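Working notes, structure below.
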Amino acid sequence: MLSSFREVMTKGPAKIITAGVMFLLSGSFALWGVEGWLRGESNTTVATVGGTSISANAFSEAYRQRTSQITRATGKAVTPDLARTFGIDKQVLNGMIAEKAMDVQATKLGLGLDPKAMVQAVMNDPDFQVSVPGKPPVFDATAFRQLLENNGMNEEMFFARQHDVYVRGQMDQGFMAGGPLPATLLQAAARYEQEKRNIAYFVLPQSSVGEIAPPDTAALQSYYDENKGQFRTKELRSLSYILVTPAELSGRATVTDADVDAAYDKNKAGSAALEQRTVEQIAFPSQDEAKAAAARIASGQITFEGLVTERKLKPEDIDLGTLSKRQFNDPKVADAAFALAEGATSGAVQGNLANVIVKVTKIVDAKSVLREELQRQRSSEAAKNLRDAIEDERMGGAPLKDIATKLKLKAVTLPPVDAQGVDADGKTVAVPLAAQVLPALFTAEPGSDPEAVDGREDGLMWFSLDNVVPARDRTLDEAKKDVVAAWTAEQKIAKLKDKADELVSQMRGGKSLEDTAKALNLQVTPAWDLTRNGQNQPVPPAVVTAVFATPLKGFGTALAANGTDRILFHVEDNVIPELDATAPATQALSKRLATGVSQDLMAEYVKKVQDQLGVTINQTNVDRVVGTGSL
C-alpha cells in the first residue's frame, strides 16, 4: 500500500490547466470545494506571505483536492495519518506559499499581461487544441467549454485565475531560458550516465543456509513487539448494494410487435430508410481492374473471399460495417449495395471515391432496426425513471433493502472487506464495479449516501456503507503463525547475507569467483554493458547499483530480484564512451541538465523572495484542516 502512495507522491500533482510554471509544487490551481468547518471561524489564516494571507479555506480546499487525487490514482483511501506520514499537508502549504510569494513579487516588479495576449496564450495551449491531418493545430472551443463546465467555472473566473498563472510564468521563463550549459558539467554527467560495466556473477540461493530453528518464546515476543504494526488487521467496511444491469432495464422496457408496427406506420418513408446492410468492398486502382475482377467472380473462376485472399487484404481493409443507405459516404456504392440480395456480390461499381466491388453479407430489415431503436429509447427512459425513483427513496431515508423490495430489485449485502476487496479471512470478495466502488466506499463517511456508480455497460450501482471495522493490533496469539513466518524469513535473509559477505571476503582475499561458484556447484553467468539507468538489464536494479558502487576488479553482493536469494559478482572491466555532443542521447542529457539547473535557480529565487517578504504560519489552523487540532 505504501509503495503505491510513494509512486503517486513522486509523480507530482495532476495537471489541470497548462501553465509551464515549474515552481507550482502543490497543484493548488486545481478546482476545489468548500470545507464546512471553516464557516464562522474568526481567524481563518494558515499563513501570511509579505503581509498577504492564505486562508484556511483555500488551504483546506487544496489539501482535500490533493488527497482525493492520490485516492483516485491508487484506489486507496488517504487517511489523515497517512497524509501526514507523506507530508502532504506540508507539500500543499509550501506550494501555496511559493505561489503567493511570486504573486506579491510580480506586483512589485510591475508584471502584467495584456488581456488579448492572455486570450491568445489560452488559444495556443495544446490542451485546448485539436489536430487535423496535414494542418497545424487549431483552438477547440468545445474542449475549452468542456473544461470550464467540468470545473464549475465561467470564462471570467477562468481568466482571472489564469492571469496569475501566466504572470508567474513570465518569471519562470526567465530562469528556464538559462544560459549555456558548462561543458565540464555535460562531460561529467555523460561519463556518469553512459559508463558501461561488464561483470560475471552467480546466484546464491536461500536454500543454501538450510533450515532455521523455530524461535523461542522470548525471541518471538521481542520480534512481535518491535514489528507489531506489521501484523495489524486492515480496516474493513461492509456494504449493501443494488445493481441495475442493462438486462434488468431491458426487462422493464419491453417492445411488442404492435409497438413496432405502430411506429413504422406513423412514418413509413422514414422507417423504411432504417434498413441496414452489412457490406464488404474491394477497391481497385482503375475501373478496368474492377471489371476484370467482377468478371472472374461472375464466371465462377474465383469467389469474393478468394479475391480478398489473393490481394492480401485484411478484414479491416474490406469491412464497411452495418449501415443504412443514408450512412454511406458514396451514394453510388450505397445504390449498388441496396440493390443486392443477402450474400450477393455486385459487378464493378465506379463510385465517387473509388472503383469497387461490394458484397452484402447481412440485411437487417427496417422493423428490426426500429425495434432496437425503440428498445434503446425505452431502456433509457426506464433507467432515468428508476434512477429518479431510487434517489427519491434515498432522499427520504429509506434503506437500500426497502428500496429494492418496493421497486422489485435485488439488494445484496457483502461481508466486510478491505480497500482491495479482501475479507477478514484473506479471500477476495466479488464486489461489482470494484475499481470504482471500493475507493468510493473507503472515502465515504458513516451515515452518508454515496453517489451512484455508473459502470456503463456493466450497470448502475447504488451502495451504502453499512459498517466500519477499524484496524487494530492483533495479539501475539492471534498473529503467531504470521509472526513466526516473518521472523523465519528475516532470519534466512540475514543468514544468507552473512554467508554471502563471508564468500565476498574470501574472494577479496584471492579466491576467484569461478572457484567459489564451483565449490558450491553453482553456475557463473556473464552480464555485459550494464549502465546505471539502463532498462531491461540482465540483473536487477539493486545489483546494478552495487556494481557501480564497487571498484573495478572488485567483488560485491546484492539481493536477487526475488528478494530472498543473493547475487555475488565480480566487476571485470568498464567502458566510458568518448563524448559525442551530437549524439541524440547526449543532446537529451544536455536538455535535462539545463532544465534541472533552471529549476534549481527558480527554487532558490523563490526561497530568496520568501525570505525577503517574510513568511509566518498559523500551525493551529493548519492542524485543524489536516485533522490534528480541535475544532
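As the structure is a prediction and not an experimental result, all values here were calculated from the model.
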Partner set under side chain to side chain donor-acceptor pair (under 3.5 Å) for D365, not counting sequence neighbours: S368
Inter-residue atom distance Q420.CD - K234.NZ, 0.5 Å rounding: 4.5 Å
Taking the side chain as C-beta and beyond, is there a heavy-atom pair between V358 and V333 under 4.5 Å? yes
In sequence, state the C-alpha distance, the side-chain angles, and the governing distance for Q436 and M461, and then conclude on side chain to side chain contact (heavy atoms under 4.5 Å, CB included). CA-CA 10 Å; Q436 297 162 268; M461 180 170 164; over 6 Å; no
Pairwise side-chain contact, V260 with V255, heavy-atom cut-off 4.5 Å (strictly under): yes
Stepwise side chain to side chain contact (heavy atoms under 4.5 Å, CB included) check, F231 with Y224: CA-CA 8 Å; F231 306 107; Y224 168 77; 4.2 Å; yes
So, does R237 use its side chain to make a donor-acceptor pair with the main chain of A419 at under 3.5 Å? no
For residues D265 and K268, report the shortest heavy-atom separation together with the two atoms involved. OD1-CE, 3.4 Å
Show the nearest heavy-atom pair for residues A263 and L374, with the distance to one decimal. CB-CD1, 4.0 Å
Closest non-hydrogen atom pair, V429 against P415: CG2-CG, 4.1 Å
Taken in chain and number order and not counting sequence neighbours, the residues that satisfy salt bridge (charged side-chain N to carboxylate O under 4.0 Å, His left out) with D454 are R456
To the nearest 0.5 Å, what is the distance between CZ (F463) and CD1 (I242)? 12.5 Å
Under 3.5 Å, side chain of S448 to main-chain N/O of A444, donor-acceptor pair present? no
Does anything in residues 436-453 form a salt bridge (Lys or Arg N to Asp or Glu O under 4.0 Å)? List the pairs, not counting sequence neighbours. R394-D449
Answer yes or no: is there a donor N or O on one side and an acceptor on the other, between the side chain of E372 and the main chain of V369, under 3.5 Å? no
Determine, step by step, whether T413 and S240 satisfy the side chain to side chain donor-acceptor pair (under 3.5 Å) criterion, reporting the C-alpha distance in whole Å, the side-chain angles of both residues, the deciding distance to 0.1 Å, and the verdict. CA-CA 4 Å; T413 298; S240 296; 3.0 Å; yes
Give a yes or no on whether the backbone of K314 and the side-chain of D317 come within a donor-acceptor separation of less than 3.5 Å. yes
Is it true that T616 and N618 share a donor-acceptor pair across their side chains at a distance under 3.5 Å? no
Hey, does V483 have a side-chain heavy atom less than 4.5 Å from the side chain of L476? yes
Measure the acute angle between the ring planes of F328 and F338, then classify it against the limits of 30° and 60° as parallel, tilted or perpendicular. perpendicular
As an exercise, state the distance from CG of D330 to CG of L320, rounded to the nearest 0.5 Å. 10.0 Å
Can you tell whether the side chains of D259 and R371 come within less than 4.0 Å, N to carboxylate O? no
Which residue pairs pass the salt bridge (Lys or Arg N to Asp or Glu O under 4.0 Å) test with at least one member in residues 406-415, sequence neighbours excluded? E393-K406
Using atom types as modelled and distance alone, determine if a side-chain donor or acceptor of D418 lies under 3.5 Å from a backbone N or O of V422. yes
Test item: S238 side-chain N/O and L414 main-chain N/O as donor-acceptor pair under 3.5 Å: no
With side chains defined as the heavy atoms from C-beta onward, is the minimum distance between V622 and L93 less than 4.5 Å? yes
Side chain of T405, backbone of K401: donor and acceptor closer than 3.5 Å? yes
Start with the C-alpha distance between L465 and L441, add both sets of side-chain angles, then the distance that settles side chain to side chain contact (heavy atoms under 4.5 Å, CB included), and finish with yes or no. CA-CA 7 Å; L465 170 57; L441 177 68; 3.8 Å; yes
Check for a donor-acceptor pair, side chain of T48 on one end and backbone N or O of G51 on the other, with a separation under 3.5 Å. no
For the student: nearest non-hydrogen atoms of V279 and A337, plus distance: CG2-CB, 4.0 Å
Quick one, V244 and L409 - any side-chain contact, counting heavy atoms below 4.5 Å? yes
4.5 Å side-chain heavy-atom contact, V412 and L239: no
Separation of I363 CD1 from T322 OG1 (nearest 0.5 Å): 11.5 Å
Residues in side chain to side chain donor-acceptor pair (under 3.5 Å) with D388, at least two apart? K384
With rounding to the nearest 0.5 Å, note down the distance linking CZ in R474 to NZ in K228. 13.0 Å
Would you check if V469 and N467 make a side-chain contact, meaning some heavy-atom pair closer than 4.5 Å? yes
Residues that Q230 engages under side chain to side chain donor-acceptor pair (under 3.5 Å), provided they are two or more places apart: none
I'd like to know whether V626 forms a side chain to side chain contact (heavy atoms under 4.5 Å, CB included) with F59, so could you lay out the CA-CA distance, the side-chain angles of the two residues, the decisive distance to 0.1 Å, and finally the verdict. CA-CA 10 Å; V626 299; F59 174 58; 4.3 Å; yes
Rounded to the nearest 0.5 Å, what separates atom CD in Q610 from atom CE in M102? 7.0 Å
Flag, side chain of D402 to backbone of A398, donor-acceptor distance under 3.5 Å: no
Side-chain donor or acceptor of R66 paired with backbone N/O of V92 under 3.5 Å: no
Please determine if K367 and D257 form a salt bridge, counting it only when a charged side-chain N lies under 4.0 Å from a carboxylate O. no
May I have the step-by-step check of side chain to side chain donor-acceptor pair (under 3.5 Å) for Q619 and D623, ending in yes or no? CA-CA 6 Å; Q619 193 61 46; D623 290 342; 3.0 Å; yes
